[in-house]
Amino acid sequence: MLNTTELFEQLDFQENPQFEKIIANLVGQQYSIVDGFFNESEVNTLRKRLLELYDQEQFKKSAIGNKTNELIEKEIRGDFILWIDEAQASHQAEQVFFNKINNLVHYLNKTCFLGILHKEFHFAVYPKGTYYQRHLDTFMNDQRRKLSVVCYLNDSTWRSENGGELIIYTPNGEVSVVPKPGRLVVFESQVLEHEVKKVTHDKRLSITGWLKTR
Ligand SMILES: O=C(O)CCC(=O)C(=O)O
Ligand SMILES: [Fe+2]
């Protein structure tokens, strides 16, 4: 019998401990939290890019639904978003982001046969006082959303007192996630309800997206 490492060698495939952890977590508890998914310099590059686009007023009020079917509903969510078009992503920041995400997607498809064929990602800014009420990411019309992926781009001065925690409602209780820079959260879009608590200081910065089947 081959062990996993030998099997991967034969498949000309490099085992990735970080991705393995995500898979093990997803199998065991339907979500995974990975610190340092993006390193400090990558987070700085991404944050700078986000703020540049935000300052150019390219963001718009978020809506309920998906990219093609949006309904603005201020009571439910208060963030501002900008969809990222990967095909147009010429900037270094977007390339850093998609390189790593695409590696993860290839890994998931190869090792778990997840069949991820599409992705959609947006930058998000939650100004002070905003939140996103408890919801399921597939609630409107998108059953193709398989995994939700959130990556936090706040700077290192972000504190838990700033609010804006992500609460994931699991069968075993609530999990509270502080939006620390570089932290990635992945969870099953069709299964786990979640919410973003009100931001009480500063503005909360992130990239959120979905890995989708056909
Ligand atoms: O920013 C987060 O932590 C989660 C955002 C979210 O739930 C969403 O955009 O659907
Ligand atoms: Fe969500």
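Whatever order the structure lists them in is the order used to number ligands and atoms, beginning at 1.
Each of Phe37, Phe121, Phe123 was compared with Phe97 under the ring pair (Phe, Tyr, Trp, His ring centres under 6.0 Å) criterion, and only Phe121 meets it.
Between the side chains of Thr157 and Asp155, a donor-acceptor pair is found at a separation under 3.5 Å. A side-chain N or O of Asn44 and one of Arg47 form a donor-acceptor pair less than 3.5 Å apart.
Nearest heavy atom pair, residue Ser32 against residue Ile22, reads OG-CA, 3.5 Å. In plain terms, the two heavy atoms of Gln30 and Leu192 that are nearest each other are O-CD1, 3.4 Å.
Residue-environment remark: CD (Gln58) exceeds the threshold of 12 foreign heavy atoms within 6.0 Å. Dense packing is recorded around NZ of Lys21, with more than 12 heavy atoms of other residues, nucleotides or ligands lying under 6.0 Å away.
At a threshold of 4.5 Å between non-hydrogen side-chain atoms, the residues Glu20 and Tyr107 count as touching.
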I'd like the atom pairs linking ligand 1 to the protein - N or O on both sides, separation under 3.5 Å - with distances to 0.1 Å.
unit_1, atom_1, unit_2, atom_2, d
ligand 1, 1 (O), Arg204, NH1, 2.8
ligand 1, 1 (O), Arg204, NH2, 3.4
ligand 1, 3 (O), Tyr152, OH, 2.6
ligand 1, 3 (O), Arg204, NH2, 2.8
ligand 1, 7 (O), His135, NE2, 3.2
ligand 1, 7 (O), His194, NE2, 2.9
ligand 1, 10 (O), His135, NE2, 3.2
ligand 1, 10 (O), Asp137, OD1, 3.0

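Aromatic rings of His122 and Trp210 (six-membered ring for Trp) have centroids within the 6.0 Å cut-off, being under it.
For the Fe ion (ligand 2), protein N/O/S neighbours under 2.8 Å (waters excluded) are His135 NE2, Asp137 OD1, His194 NE2.
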